[in-house]
Undergrad: 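Starting off with a structure, shown below.
One-based numbering, in listed order, for ligands and for the atoms of each.
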Amino acid sequence: MESKRIVVVSNRLPFTVVQDGERIQFDESVGGVATGLRALLTSSQSGLPHESEYLWVGWPGSTIKDEVRDEVRSRALAEFSSFPVFLSEQDVENFYQGFCNETIWPLFHYFPTYARFDEAYWEQYRKVNESFSVSLLDAIRPDDTVWIHDYHLMLLPHLLRKSLPKIRIGFFLHIPFPQFEIFRLLPGKWRRGILEGLLGADLIGFHTHDYGEYFVRCVQRILGCAHHIGQLTVGDRLVKVGTFPMGIDFKKFHDAANHADVQKEKEDLQKTLGDSRIILSVDRQDYSKGILHRLQGFEAMLETNPEWLGKVTLIMLVVPSRIGIADYEGMKKRIEELVGKINGRFGTISWTPIIYQYRSLPFQSLAAMYAMSHIALVTPLRDGMNLVAKEYVATRHDKTGVLVLSEMAGASKDLPEAIIINPNNREEIADALKTALEMPREEQIRRNAIMQNRLRRYDVTRWAMGFLVELLAASPGDKESHVQWLEAAVWGALTEQYHRSARRLLIFDYDGTLVPFAAFPELAKPTPALLRILRSLADDSRNELVLATGRDRATLDQWFNGVPMGLAAEHGAWIKEWNGEWKVQQPLPLNWKARLLPILEMYADRVPGAFVEEKDFSVVWHYRAADPERGREAARELADHLLVFTASIDLQVLRGNKAIEIRKAGVNKGSAVQQWLAKNDFDFILAIGDDLTDEDMFAALPQWAFSFRVGAARTRARFRLRNPVEVLQFLTQLTVAPDKVASLERVSPV
Ligand code: ADQ
C-alpha cells in the first residue's frame with residue numbers, strides 16, 4: 001500500500017532551474033519555509049501521525065522549453081521530491097508580476113494607490129491557478145494531505161475541492177489579510193472568487209489572530225457564511241480558521257555565530273568598521289518594508305543626537321526584488337538619493353554614516369552581519385510576519401543586541417520585548433535608536449533571553465507541525481466526522497426498519513428543515529409539493545406525524561389545515577393533537593413580555609432589516625434580512641443586554657438561526673416531544689431539525705431513533721442531511737413502496 005504523503009504547493013519550488021545551453025542546473029534556495037518544511041518532513045521525531053513522504057509542487061522559477069520538460073520533471077522528482085508546474089512567459093507576466101505583485105501585494109499591505117485592477121491580470125491569475133489544479137490532479141493521490149501556500153494560489157483550494165471533494169486541504173497566507181474596507185476595493189467578482197477559493201480548504205492559517213479575524217469578517221460580510229469560534233460554515237462543510245505565527249530555524253541561526261567562517265567574516269568586518277556602533281537594516285527591496293522611513297528616522301537621530309556623530313554606522317542591505325515593476329524601480333532610486341543626501345550631510349573623511357549594499361548575501365555573511373550588529377532596525381509599514389527580526393534575535397549568542405521593531409509587523413506580537421515603534425513617525429524611530437544605543441547590557445540580555453526562549457520553542461518546525469497536526473485532525477469536507485451524512489449504509493438500515501415497523505413517530509421542524517429560510521417568516525409558506533408529501537406520509541395508518549416548530553398557532557392552523565398531524569407551536573409551549581384543541585404545555589406568567597419588547601424594538605430600529613415578532617409565549621428578534629455582520633454584532637449585544645433582565649425571571653434567551661428568541665425556560669421541543677413519546681410504544685422514530693432548538697428534541701429521543709440535523713453544525717443528532725431539498729427527496733422516498741425505492745444516488749446527491 002502507498003504511504004500517505006504531505007503535498008506542499010507554493011508558487012515557487014525551493015530551487016530555480018537554470019538552463020545554461022545544453023546543461024540544466026538546479027539552484028537550491030534557502031528560504032525559511034523551504035528549510036523549515038524540509039526539516040520537518042524528513043524528521044522521524046516530527047510527531048506527525050503517519051507521514052514519511054512529501055512532495056513539493058510549484059513553478060521552477062524559469063520558463064522551461066518543451067523538449068527538456070521531461071528531464072526537469074524526472075530530476076525534480078528524484079533529487080528534490082518535487083513536481084514542477086510549467087508556466088509560460090505570459091503566465092508569469094500577468095499572473096506573477098501582474099495580479100500577484102501589482103494587485104494583491106499592494107492591496108493586502110495597505111497600499112491601495114499602488115494596486116492595479118486589470119481584468120487581464122485577474123484572468124491570468126485564474127488561469128494559472130487552474131494550471132496548478134490540473135498539474136496537481138496528475139501528481140496527487142486521493143489520501144494525500146495538501147498544504148497550499150500564499151497569495152499566489154488563493155483560488156486553488158476551491159478548484160481542487162471541486163475535483164477531489166474528499167481530499168484534505170490546508171492553506172497558509174504568509175502576508176497580512178487586510179480589513180474589509182481594503183479588501184472590498186477588489187471588484188465584486190474577484191473578491192468573491194478569492195474568498196470562495198480559500199474556503200475550499202479545511203483549515204486556513206494566518207500569522208496573527210487579527211488577520212484571521214479580518215478574513216472571517218470579509219467572509220461574513222461578502223458571502224454571509226456563519227461563524228462560530230474559529231469555524232466557518234460553508235454550505236455543508238466546516239472550515240477552520242487558525243493562527244500559526246511562523247518561526248525560524250532557531251538552531252541554525254543560533255549556532256551560526258560559533259562557526260569559524262562566520263567568526264572570521266565578523267572579525268574582518270569589525271576591523272573595517274572600528275569601534276563604530278552598528279545598526280543593521282536587512283530586507284528585500286519593497287515599499288512595504290519602510291526603508292525610506294528607516295533612513296529618515298536615522299537622519300532624525302543624527303540631527304538630534306550630535307554626540308553620536310562619527311560613532312554609529314547604519315549598514316543597509318537591500319536584496320533586489322521584483323525588478324521591472326515601476327513602483328519598485330522608482331523606490332530604488334529614492335533610496336539611493338536619500339542615502340547620498342544623508343552621507344553628504346553628516347559624513348566626514350573618516351566616517352560614512354550609511355553603508356548601502358544592493359545585493360543578496362550568502363547565509364554565513366548574513367549571519368556574520370547579525371552577529372556583529374548592536375542594533376537591528378526593522379521598520380516595515382506592513383509585514384505579514386518579518387523573519388529578519390527573529391533571525392537577528394536568534395543569532396545573538398551572548399544575548400546582547402537591541403531589536404527595534406515596527407508594530408505593523410506580525411512579528412511584533414511574538415517579540416513584545418523589542419523596542420516597538422510606529423514607523424510613520426521619524427521622531428519615534430530616532431528616540432528608539434537613542435534608547436537602543438544607550439540600553440544597558442543587562443537589560444539587553446534580559447529582553448533577548450525571553451525572546452530567544454520563545455523563538456527556540458516556537459521554531460519553524462513547531463509552526464509547520466502545529467499547522468499540519470490541526471489539518472490532519474480535520475476530516476476533509478466535514479469536521480464532525482462522527483455524525484454521518486445520509487449515505488448508503490444508513491439509508492439501507494433506515495428504510496428496512498421503516499418498512500418493517502408498525503408504529504412510527506415522525507417529527508419535523510419546519511423552517512430550515514422542510515422549507516428554506518425566507519427573508520420574512522410569512523414568505524416561507526409550504527408549497528403544494530410539500531403538503532402532498534406530508535399528507536401522503538400521514539395517510540399511512542402506521543405513521544403519526546408531528547410538526548414541532550417555533551411558529552405561532554395561527555400560522556400553523558392556516559398553513560396545515562386538514563393535514564392529519566400533531567402540532568407543537570412556539571417550540572412546544574402550545575400543543576395540539578390531530579383533531580384536538582390547542583393546549584398550553586405549562587401555564588406561564590406573561591408580564592415579562594411587556595418589559596422586554598421595548599428593548600427588542602430599540603435593537604430593531606438600530607439595525608436596518610431587523611424586526612420583532614411577538615408570539616403568545618415568546619418574543620423573537622429576527623435579523624435574517626439585515627446586513628449579516630451588523631446583525632450578528634447587534635445580536636451578540638442584545639443577548640448580553642437581555643441577560644440582565646432575564647436573570648431573575650425563569651426565561652431563556654435562545655440564539656436561533658438569525659434570530660434571538662426569549663421564552664420560558666424548561667418549555668422546549670424536547671418536553672413537547674415527550675408528550676408524544678409517552679402516548680405509544682413506537683418501534684420507529686424519525687426526527688429532523690436544523691437549529692439549536694431542535695437539539696432539545698434530539699436529546700429527548702431514545703438512542704436508537706433516527707435523528708437528523710440539517711447542515712454542518714455541531715449536533716446531538718446521529719445523522720445529517722444537507723438542506724431542505726435533500727430532506728424532501730428523502731421523505732418522498734419513504735412514501736414509495738419498498739420494491740420501488742430508488743438507489744441512494746437519486747435520493748441524496750452527495
Ligand atoms: P518576506 O517579505 O520575504 O517574506 P521576511 O519575513 O523578512 O520577508 O523574510 C525575508 C528572508 O530573506 C529572511 O529569511 C532573510 O534572512 C532573507 N534576507 C533578507 N535580506 C537578505 C540579504 N540581503 N541576503 C540574503 N538573505 C536575505 C514573506 C512575508 C513576511 C513573512 C514571510 C514568511 O512578506 O511577512 O514573514 O513571508 O511567512
Side-chain angles (χ1 to χ4, degrees), residues 8 10-12 14 27-37 100-101 104-111 147-152 171-178 205-208 210-211 243-250 252-253 256 262 265 280-291 294 315-322 328 335 355-371 373 376-395 403 405-415 455 458-460 463-464 466-467:
V8 173
S10 60
N11 174 45
R12 289 291 307 272
D27 291 347
E28 202 167 345
S29 49
V30 283
V33 184
T35 320
L37 285 170
C100 293
N101 290 338
I104 294 297
W105 181 274
L107 203 63
F108 280 33
H109 285 86
Y110 294 74
F111 287 90
W147 186 7
I148 301 167
H149 288 262
D150 229 0
Y151 63 105
H152 316 88
F171 183 94
F172 188 82
L173 187 70
H174 289 265
I175 64 172
F177 194 92
F206 299 92
H207 280 307
T208 73
D210 285 350
Y211 306 155
T243 308
F244 305 89
M246 186 172 166
I248 55 164
D249 187 344
F250 181 86
K252 180 175 162 200
F253 282 91
V262 173
E265 202 159 331
L280 181 65
S281 150
V282 187
D283 7 45
R284 271 189 318 99
Q285 178 191 286
D286 199 294
Y287 46 77
S288 67
K289 300 289 181 184
I291 300 176
R294 196 172 312 170
I315 298 186
M316 179 164 264
L317 307 175
V318 178
V319 187
S321 178
R322 300 178 193 172
Y328 287 74
I335 292 174
I355 298 173
Y356 166 74
Q357 286 193 3
Y358 180 65
R359 68 183 175 102
S360 185
L361 296 182
F363 173 73
Q364 73 185 50
S365 308
L366 186 66
M369 285 289 180
Y370 286 146
S373 301
L377 182 56
V378 184
T379 59
L381 302 174
R382 207 53 78 159
D383 210 338
M385 173 51 71
N386 195 292
L387 300 179
V388 167
K390 294 187 169 182
E391 290 166 2
Y392 172 72
V393 173
T395 312
L403 172 65
L405 178 59
S406 161
E407 62 180 315
M408 309 299 174
S412 67
K413 304 276 188 298
D414 297 342
L415 303 170
L455 293 174
Y458 293 94
D459 66 355
V460 66
W463 162 76
F467 184 92

Undergrad: Does one side chain, of T208 or D210, offer a donor that lies under 3.5 Å from an acceptor on the other?
TA: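 No, D210 and T208 have no side-chain donor paired with an acceptor closer than 3.5 Å.
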Undergrad: Please could you name the atoms of ligand 1 that S360 approaches to less than 4.0 Å, counting only its heavy atoms?
TA: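 Those atoms are 24 (N), 25 (C).
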Undergrad: Indicate the atoms forming the closest heavy-atom contact of R294 with P380, along with that distance.
TA: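 For R294 and P380, the tightest heavy-atom pair comes out as NH2-N, 4.4 Å.
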Undergrad: Enumerate the atoms of ligand 1 whose separation from the nearest heavy atom of M246 is less than 4.0 angstrom.
TA: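 With M246 as reference, the close atoms of ligand 1 come out as 33 (C), 38 (O).
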Undergrad: With ring centroids as reference points, do Y287 and F111 lie under 6.0 angstrom apart?
TA: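 Centroid separation for Y287 and F111: below 6.0 Å.
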Undergrad: Could you tell me whether F172 and ligand 1 have an N or O pair separated by under 3.5 Å?
TA: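 By distance alone, the answer is no.
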Undergrad: So between L317, V282, V378, whose heavy atom ends up nearest atom 20 (N) of ligand 1?
TA: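 Looking at heavy atoms only, V282 sits closest to atom 20 (N) of ligand 1.
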Undergrad: Going by side chain to side chain donor-acceptor pair (under 3.5 Å), name the residues that satisfy it together with E265, two or more places apart in sequence or in a different chain.
TA: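 Per chain and number, E265 pairs via side chain to side chain donor-acceptor pair (under 3.5 Å) with Q364, S365.
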Undergrad: Under 4.0 Å from a heavy atom of G384: which atoms of ligand 1 are those, numbered in the order shown and with their elements?
TA: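 In order of numbering, the contacting atoms are 35 (O).
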Undergrad: Hey, would you say the F363 and F253 ring centroids sit under 6.0 Å apart?
TA: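 Centroid distance F363-F253: below 6.0 Å, so yes.
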Undergrad: Any N or O on L366 sitting closer than 3.5 Å to an N or O of ligand 1?
TA: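 Checking ligand 1 against L366, no N or O pair falls under 3.5 Å apart.
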Undergrad: Any N/O of D383 closer than 3.5 Å to an N/O of ligand 1?
TA: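 So ligand 1 has an N or O lying under 3.5 Å from an N or O of D383.
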Undergrad: Report yes if H174 has an N/O atom closer than 3.5 Å to an N/O atom of ligand 1; otherwise report no.
TA: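 Yes, since at least one N or O of H174 sits under 3.5 Å from an N or O of ligand 1.
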Undergrad: Could you tell me whether R359 approaches ligand 1 through its side chain, its backbone, both or neither, with non-hydrogen atoms closer than 4.0 Å?
TA: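 The answer is the backbone of R359.
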Undergrad: Apply salt bridge (Lys or Arg N to Asp or Glu O under 4.0 Å) to D459 and list each qualifying residue two or more places apart in sequence or on a separate chain.
TA: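 With neighbours one apart ignored, the set is empty.
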Undergrad: Please identify which atoms of ligand 1 are closer than 4.0 Å to at least one heavy atom of W105.
TA: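 Per the distance check, 34 (O).
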Undergrad: Using ring centroids (six-membered ring only for Trp), state whether F108 and F177 fall under 6.0 Å.
TA: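 Here the rings of F108 and F177 have centres that are less than 6.0 Å from each other.
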Undergrad: For ligand 1, is any non-hydrogen atom under 4.0 Å from M385's backbone (N, CA, C, O), its side chain (CB onward), both, or neither?
TA: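 Both backbone and side chain.
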Undergrad: Parallel, tilted or perpendicular: which fits the ring planes of H149 and W147, with parallel below 30° and perpendicular above 60°?
TA: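 Taking W147 first and then H149, their aromatic rings sit tilted (interplane angle of 30° to 60°).
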Undergrad: If you measure from each non-hydrogen atom of V388 to ligand 1, which part falls under 4.0 Å: side chain, backbone, both or neither?
TA: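 The answer is both, backbone and side chain.
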Undergrad: Just wondering, do Y458 and P245 contact through their side chains at under 4.5 Å, heavy atoms?
TA: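 They are not in side-chain contact.
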Undergrad: May I ask whether Q357 places a heavy atom under 4.0 Å from ligand 1?
TA: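 No, that is not the case, since the closest heavy atom of the residue is not under 4.0 Å from the ligand.
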Undergrad: Check contact between F108 and ligand 1, using heavy atoms of the residue and a distance below 4.0 angstrom.
TA: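 F108 does not count as a contact of ligand 1 under the 4.0 Å cut-off.
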